[in-house]
Each structure stands twice: as structure tokens, then as C-alpha cells.
Amino acid sequence: MEDKSTIFIFLDDEAAPIARLVSPVNFELDTRKLVDGRHTLKIVSKDPSGKEGLRIIPFEVRNGPAIDVAGIQENAVVDGVLPLMINAYGKGDAKNFMITGSETPQSIPSWVWILIIGIGGWALYYLVAYINM
């Protein structure tokens, strides 16, 4: 009888494990082979006496290009014509960072416009008060 636990690693709802290992172990999960989206890693450990332990780890894979959408948010209620700005950009790899398209242009927030109008009005007030002196 072996004195180490056996570890079975399952991915999503697969019946067959992707790995069967003896504890302790270092394991590399290559997410490049997975489709983008939500996945579940299920780890089952069986000790030498036959008792089992279970750990379920949900995770999300995002290897493809990132997609940014301005003009609508998730679960929004909308009507009429909806102008959208969509940007998709890749991450490159560990050696090269792709700067082209990695930032999504955005409009100036309304609070910035309010701040500019407020400072402009304040400056105009003091300019008029200075001229009238």
C-alpha cells in the first residue's frame, strides 16, 4: 500500500481526468488549449486509506483578443438607436507587448465638463470684477 495520496484532475464536466498524479505535485494547466469562457477545475484526492477529498475551482479563460464595448453595459435596458464603440485587441505574448489598439478611446466624462465650466465662470467673474475696479 502506497503512503501518498493520489490526485485526479478533472476539467469542466469531463468523466475522464486530464491527469492522475501522486502527491505532492506541480501541475501546469495549459489554458491555450481551452476556449475562452468559464471553466471548472475539479481536483479529487484519494488518500491511502481510500478517503476522498474534493476541491472545485471555477475560473475564466481569456486567451483571445480582449473586447471592449462602450455605449452599453451588461443587463442594460435599452431602446431606440444605440451607438456603440467596439474595440478588440490582442495581448501579444510574454516577450512582445502589442501597443497598437491596446487602449480604447473614450469620451470626456461629464464631470470634467462641469469642472471646466465652473473654473471658466469663476475666472470670468474675477476678470469682470478686475476690469470694473
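In what follows, every heavy atom counts, from backbone to side chain, and hydrogens, waters and symmetry copies are set aside.
A 6.0 Å sphere centred on CD of E60 holds more than 12 heavy atoms belonging to other residues, nucleotides or ligands. No more than 12 heavy-atom neighbours from other residues, nucleotides or ligands sit within 6.0 angstrom of CG on D79. Within a 6.0 Å sphere centred on CG of N132, other residues, nucleotides and ligands contribute more than 12 heavy atoms. No more than 12 heavy atoms of other residues, nucleotides or ligands shown are found within 6.0 angstrom of CD1 on I67.
V78 has its side chain within reach of I72: a pair of non-hydrogen atoms, C-beta onward, lies under 4.5 Å apart. Considering only heavy atoms from C-beta on, R20 stays 4.5 Å or farther from I7 through its side chain. Using a 4.5 Å heavy-atom threshold, the side chains of S5 and P48 count as touching. No side-chain heavy atom of L21 sits under 4.5 Å from any side-chain heavy atom of T6. Contact check for L34 versus N63: no side-chain heavy atoms found under the 4.5 Å cut-off.
In the hydrophobic cluster analysis, where Ile, Leu, Val, Met, Phe, Trp and Tyr join through side-chain heavy atoms closer than 4.5 angstrom, F10 is grouped apart from F59. I114 and V112 fall into different hydrophobic clusters, where Ile, Leu, Val, Met, Phe, Trp and Tyr are joined by side-chain heavy atoms under 4.5 Å apart, directly or via other members. Note: the hydrophobic cluster containing I18 also contains V61 (ILVMFWY, side chain heavy atoms under 4.5 Å, direct or indirect links). Hydrophobic clustering (side-chain heavy atoms under 4.5 Å, transitive across Ile, Leu, Val, Met, Phe, Trp, Tyr) groups F8 together with L54. When the side chains of ILVMFWY residues are joined at heavy-atom separations under 4.5 Å, either directly or via intervening members, W122 and V128 end up in two distinct hydrophobic clusters.
Between H39 and V35, the shortest heavy-atom distance links the atoms NE2-O, 2.7 Å. Of all non-hydrogen atoms in I56 and K42, the two that sit nearest each other are CG1-CG, 4.1 Å. Smallest separation of non-hydrogen atoms from F27 and A19: CE1-CB, 3.7 Å.
Atom CD1 in I57 sits 10.0 Å away from atom CG in L29 (nearest 0.5 Å). The CD1 atom of I43 sits 11.0 Å away from the CG atom of L11 when rounded to the nearest 0.5 Å.
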### Message
Between L82 and L84, is the side chain to side chain contact (heavy atoms under 4.5 Å, CB included) condition met? List the steps.
### Response
CA-CA 6 Å; L82 197 63; L84 301 177; 4.0 Å; yes

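A donor-acceptor pair under 3.5 Å is absent between the side-chain atoms of D47 and the main chain of E52, judged by distance alone. In this structure, the side chain of D12 does not engage the main chain of E14 through any donor-acceptor pair within 3.5 Å.
With sequence neighbours left out, R55 forms a salt bridge (Lys or Arg N to Asp or Glu O under 4.0 Å) with no residue at all.
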